[in-house]
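For reference, the structure is listed below as structure tokens.
We name chains A, B, ... by the order of the sequence lines, and we start the count at 1 in each one.
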Amino acid sequence: MAKLPYAFYQQLEVTQLAECLLGKKLCTLIDGKLTSGIVVETEAYRGPEDKASHAFGGRFTERTRVMYEPGGLSYVYLCYGIHSLFNVVTAPAGMPHAVLVRGLEPLDGLDLMLKRRNMSFLKPNLTAGPGALSKALGIDRQLNAKDLGGDEIWIEDVGIGYAANEIVAGPRIGVDYAGEDALLPWRYYVKGNSFVSKPHL
DNA sequence: AACATGATAAACT
DNA sequence: GTTTATCATGTTC
């Protein structure tokens, strides 16, 4: 396997990095069981200057602490009391940028993913949406602040690269509270892929 | 009190 | 079939 190098996570342009994550393979190894999928949808959160970011204005709390670490760690937090959302911490130390993974195309461990989701057959919403994919891969807050070069959760380059005309940028989802920042086109997804969380074209 | 969601049910076409 | 409403649930500030 070819795990992504730390240098990849530490580039400063978080929007560009979010776009580059499309086509990468996100894997978890939990209780000896491998599950994985290809990333088909991401959102960039630009730390201090982005109202939609948990670290807006340089906010530093117990929850956001990990976002200030050097890129290459996981950031998993609980949303609406129910869903674990998985982010990649990016940029050099002290810069709290992150990328939310919103959609995956299932690859390894399909049976286990179905079981975790209480589903009996594959349909797109198995891993379309940040809460859904986290549940399918067994991601919860146990996996917060993990090294993405480790052996519990990691990201591999499997040589998939989408052409520029297959990638669509649009406004982020569920961040209306962020005012004008909600309109920024920092959501990236693969055109026509059925594991993208929201509107299909 | 607010929150980076998902499942379901009910009311439409 | 599709859109719209409602709720579950718990941590953070």
Atom [atom1] of [X] and atom [atom2] of [N]: how far apart are they, to the nearest Å?
X        : N      : atom1 : atom2 : value
A/Asn144 : C/dT12 : CG    : C1'   : 14 Å
A/Phe56  : B/dA2  : CZ    : P     : 18 Å
A/Leu133 : B/dA4  : CG    : C1'   : 12 Å
A/Met67  : B/dA4  : CE    : P     : 11 Å

*Could you say whether A/Ile82 or A/Arg141 is positioned toward the 5' end of DNA chain C, judged by the nucleotide with the nearest heavy atom to each?*
A/Ile82
*Going by modelled atom types, is there a donor-acceptor pair between the base of B/dA4 and the side chain of A/His54 at under 3.5 Å?*
yes
*Counting distance only, does the side-chain N/O of A/Asp147 pair as donor-acceptor with the main-chain N or O of A/Gly149 below 3.5 Å?*
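Confirmed, A/Asp147 side chain pairs with A/Gly149 backbone.
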Any [X] side-chain nitrogen or oxygen under 4.0 Å from OP1 or OP2 of [N]:
X        : N      : value
A/Tyr177 : B/dA4  : yes
A/Arg187 : B/dA4  : no
A/Thr61  : C/dC13 : yes

*Which class fits the ring pair A/Tyr75 and A/Tyr77: parallel under 30°, tilted 30 to 60°, perpendicular over 60°?*
parallel
*Step through the shown structure and confirm whether more than 12 heavy atoms of other residues, nucleotides or ligands are within 6.0 Å of CD on A/Glu166.*
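Enclosed.
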*Using a cut-off of 4.0 Å on non-hydrogen atoms, how would the nucleic acid contact of A/Ala52 be classed: base, sugar-phosphate, or nothing?*
base
*Within the structure shown, what part of the strands sits under 4.0 Å from A/Gly81 by heavy-atom distance: base, sugar-phosphate, or nothing?*
base
*With a 4.5 Å limit on heavy-atom distance, are the side chains of A/Lys51 and A/Glu180 in contact?*
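Yes, side chains in contact.
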*Residue matched to C/dG10 through Watson-Crick or wobble contacts both under 3.5 angstrom*: B/dC3
*Hey, is A/Tyr45 doing a stacking thing with B/dA4, by the 5.5 Å centroid and 30° angle criteria?*
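Here the ring of A/Tyr45 and the base of B/dA4 are stacked, with centres under 5.5 Å and planes under 30°.
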